[in-house]
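Accompanying notes for the structure given below.
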Amino acid sequence: MVVALLTLELFLPMSQSLKDKRMVVRRLKDRLGAMNVAVAEVGHQDVWQRAGLAVVTVASADAVAEQTLSSALAEIERLEPGLVTRSQVEYMR
């Protein structure tokens, strides 16, 4: 069993308030929830134009976890192109 964590930094240049930011984050969380992952906003909660997200999955093998997180990252890029400024994957066994 492997637990994989994808941490993301997002830059939201169009956001003019926390409400605008929350709409984008909620849309991403709702969409990713259907992909067998858990999503949480873990950083920059009080900043309008930045967001820190954590995406976690549990799988039987590294390859399955990596594919799931790659799909999640691709979906974020498809929904909101150009927002991801940093991404990092960690594995816990």
Side-chain angles (χ1 to χ4, degrees):
M1 178 181 76
V2 63
V3 177
L5 167 67
L6 170 65
T7 54
L8 301 165
E9 288 256 341
L10 305 175
F11 177 61
L12 310 164
M14 67 292 202
S15 178
Q16 298 299 313
S17 67
L18 286 175
K19 186 176 180 180
D20 291 344
K21 173 188 167 180
R22 299 280 184 257
M23 287 186 344
V24 173
V25 171
R26 184 176 301 119
R27 182 171 49 246
L28 292 174
K29 287 172 63 175
D30 290 346
R31 189 62 159 222
L32 293 178
M35 299 182 74
N36 196 27
V37 297
V39 184
E41 184 178 2
V42 295
H44 312 296
Q45 281 97 351
D46 295 333
V47 181
W48 294 359
Q49 295 185 331
R50 290 180 68 193
L53 296 182
V55 181
V56 179
T57 190
V58 178
S60 58
D62 286 359
V64 176
E66 181 179 350
Q67 202 280 328
T68 300
L69 293 181
S70 293
S71 296
L73 183 57
E75 183 68 9
I76 290 170
E77 284 291 340
R78 188 184 71 76
L79 290 172
E80 299 289 340
L83 295 187
V84 177
T85 59
R86 185 179 66 82
S87 65
Q88 177 181 353
V89 177
E90 299 176 47
Y91 296 94
M92 294 157 242
R93 293 169 183 85

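For CE of Met92, the number of neighbouring non-hydrogen atoms (other residues, nucleotides, ligands) closer than 6.0 Å is greater than 12. Summarising the local packing, CG of Asp46 is surrounded by 12 or fewer heavy atoms from other residues, nucleotides or ligands at distances under 6.0 Å.
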Dump the intermediate steps for side-chain contact (heavy atoms from CB on, under 4.5 Å) on Met14 and Asp20, then the final yes or no. CA-CA 8 Å; Met14 67 292 202; Asp20 291 344; over 6 Å; no
Quick one: do Thr85 and Leu10 satisfy side-chain contact (heavy atoms from CB on, under 4.5 Å)? Show the steps, please. CA-CA 6 Å; Thr85 59; Leu10 305 175; over 6 Å; no
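A donor-acceptor pair under 3.5 Å is formed between the side chain of Gln49 and the backbone N or O of Pro13. At least one donor-acceptor pair closer than 3.5 Å links the side chain of Lys21 to the backbone N or O of Arg50.
For the pair Glu80/Arg31, no side-chain contact is recorded, criterion being any heavy-atom separation below 4.5 Å from C-beta on. Using a 4.5 Å cut-off on side-chain heavy atoms (C-beta onward), Leu32 and Glu75 make contact. With contacts defined as side-chain heavy-atom distances shorter than 4.5 Å, the pair Leu83/Val24 qualifies. Within the 4.5 Å cutoff, no side-chain heavy atoms of Met35 are placed close to those of Thr68.
For residues 54-66, the set of pairs meeting the side-chain hydrogen bond (donor to acceptor under 3.5 Å, both in side chains) definition, not counting sequence neighbours, comprises Asp62-Arg93.
Transitive grouping of hydrophobic side chains (ILVMFWY, heavy atoms separated by less than 4.5 Å) brings Leu69 and Leu53 into a common cluster. The hydrophobic clustering, which links ILVMFWY residues whose side-chain heavy atoms are closer than 4.5 Å, places Tyr91 and Leu6 together. Both Leu79 and Val84 sit in one connected hydrophobic cluster of ILVMFWY residues. Membership requires side-chain heavy atoms under 4.5 Å apart, directly or through other members. Linking Ile, Leu, Val, Met, Phe, Trp and Tyr residues whenever their side-chain heavy atoms come within less than 4.5 Å places Val39 and Val89 in a single cluster.
Paired with Val55 under the rule side-chain contact (heavy atoms from CB on, under 4.5 Å), one option of Val37, Leu73, Leu28 passes, and it is Val37.
A pairwise comparison of heavy atoms in Ala65 and Ala4 identifies CB-CB, 3.7 Å as the closest pair. The two residues His44 and Gly52 make their nearest non-hydrogen contact at CD2-N, 3.9 Å.
Residues satisfying the salt bridge (Lys or Arg N to Asp or Glu O under 4.0 Å) test with Glu77, not counting sequence neighbours, are none.
With respect to Glu41 and Arg22, a salt bridge is recorded, a charged nitrogen being found less than 4.0 Å from a carboxylate O.
Distance CD/Glu90 to CD/Gln88: 5.0 Å, rounded to 0.5 Å.
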